[in-house]
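Working notes for the structure below.
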Amino acid sequence: MLRMMVVALAIATVAAPSLASPTDIILSGPAVQGGILTGMAPSGTVEMRLDDQPVPIGADGRFLIGFDCDALPQARLTARFADGRTTDRSIAVSPGSWRIERVNAPLRAGRSSEAFLALRRPELEQIAAARAKVTGAQGWRQAFLWPRIGRISGLFGSQRIYQGVPGSYHGGIDIAGATGEPVVAPADGVVILAADRPFTLEGRLLMIDHGHGLSSAFLHLSRIDVKLGDAVVRGQRIGAVGATGRATGPHLHWGLRWNDARIDPLRLAGPMPAQ
């Protein structure tokens, strides 16, 4: 609970940043691994990039950027104008605080048989194709809701170290619950993937694009209540908790990404409300 309170203080606001010089890049909120920043582009900006990544800009000049849980400590945001001039801003990215567990046992290799990979490759292709979709959704501008209220059973960024060999980071938040309990959309968006059968790892997988590169993934669902291409609104029921795929019990895994950057849902939704 203390960790959640500390994290809450670092949540980036989704309110419009205050105005400054017409040539300034305005940012709102702290830059931290696993976090999101909103900003305002200078007037006349025709292109913006975060290091080598393009950054979409709204008609009102607002934009969104995110930092992976492994983001480097320095980043550069560059705005280009129609006449070729550029202005940039250096961003110092603070380290995240992750739960690290050291285990005195060897790391067990995951499944890599040809039979498994034959199933897995098309699933990964579907996920990549979904993330590449541009829908024009505007949910990224909203304050995010929790898709369900319950006990947090897995934190973003947690990792096990097996006799000095690191395992993979946990790329989302796990929320315990009973099979069939409702899951709602945390913000407006468009459905970009609604698995018609359980994936090998994710189970029944639902993905929603919130716009400007920000997307949600909901794993292990027992049921999906929306279909590909549906526009959903904040708070709308979209599915139900389950234990499909690789899961030891019923729970919701909620993952967030800005492009390929893994984002901590706590930094958008804030501390879990009391049940």
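Predicted model, so just to flag it, every value in this text is computed and none were measured. For this chain, numbers begin at 1 and follow the sequence in order.
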Report the distance from atom [atom1] of [X] to atom [atom2] of [Y], rounding to the nearest 0.5 Å.
| X | Y | atom1 | atom2 | value |
| --- | --- | --- | --- | --- |
| Ser216 | Leu268 | OG | CG | 8.5 Å |
| Ile224 | Leu206 | CD1 | CG | 5.0 Å |
| Leu201 | Leu219 | CG | CG | 9.0 Å |
| Asp68 | Asn259 | CG | CG | 11.0 Å |
| Trp140 | Thr38 | CH2 | OG1 | 7.5 Å |
| Arg246 | Phe199 | CZ | CZ | 15.0 Å |

According to the interplanar angle, ranging from 0 to 90°, do the rings of Trp254 and Phe144 count as parallel (below 30°), tilted (30 to 60°) or perpendicular (above 60°)? parallel
Main chain of [Y], side chain of [X]: is a donor-acceptor contact present, judged purely on distance under 3.5 Å?
| X | Y | result |
| --- | --- | --- |
| Thr86 | Arg80 | no |
| Gln126 | Leu193 | no |
| Trp258 | His212 | yes |
| His170 | Leu155 | yes |
| Thr244 | Leu221 | yes |
| Glu123 | Thr200 | yes |
| Asp230 | Val232 | no |
| His210 | Asp188 | yes |
| Asp88 | Leu77 | no |
| Arg131 | Met207 | no |

Step-by-step side-chain contact (heavy atoms from CB on, under 4.5 Å) determination, Thr45 to Phe81: CA-CA 5 Å; Thr45 298; Phe81 302 98; 3.8 Å; yes
Looking at Leu214, Ile36, Ile173, which one forms a side chain to side chain contact (heavy atoms under 4.5 Å, CB included) with Leu256? Leu214
Pair Ile65-Met48, side-chain contact (heavy atoms from CB on, under 4.5 Å): steps then yes or no: CA-CA 11 Å; Ile65 57 175; Met48 180 168 283; 5.9 Å; no
For the residue pair [X] and [Y], what are the closest heavy atoms and their distance?
| X | Y | value |
| --- | --- | --- |
| Gln33 | Gly96 | OE1-N, 2.9 Å |
| Gly66 | Ile263 | CA-CD1, 4.0 Å |
| Ala178 | Val241 | O-CB, 3.5 Å |
| Ser90 | Gln74 | OG-OE1, 3.2 Å |
| Asp209 | Ala137 | O-CB, 3.4 Å |

Find out if a path of hydrophobic residues (ILVMFWY) with successive side-chain heavy-atom gaps under 4.5 Å connects [X] to [Y].
| X | Y | value |
| --- | --- | --- |
| Ile149 | Ile152 | yes |
| Leu64 | Leu266 | yes |
| Ile238 | Leu228 | no |
| Val226 | Leu252 | yes |

Cationic N near anionic O, under 4.0 Å, Arg120 to Glu202: yes
Are Arg262 and Asp70 ion-paired here, with the side-chain N under 4.0 Å from a carboxylate O?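 Yes, Arg262 and Asp70 are salt-bridged.
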Under the criterion side-chain contact (heavy atoms from CB on, under 4.5 Å), I'd like the reasoning laid out for Leu27 against Phe63: C-alpha separation, chi angles, the key distance, then a yes or no. CA-CA 9 Å; Leu27 294 176; Phe63 63 86; 3.7 Å; yes
side-chain contact (heavy atoms from CB on, under 4.5 Å) for Leu50 and Ile91? Distances and angles first, verdict last. CA-CA 10 Å; Leu50 178 65; Ile91 304 172; 4.2 Å; yes
Counting only heavy atoms not in Asp260, do more than 12 sit closer than 6.0 Å to its CG atom? no
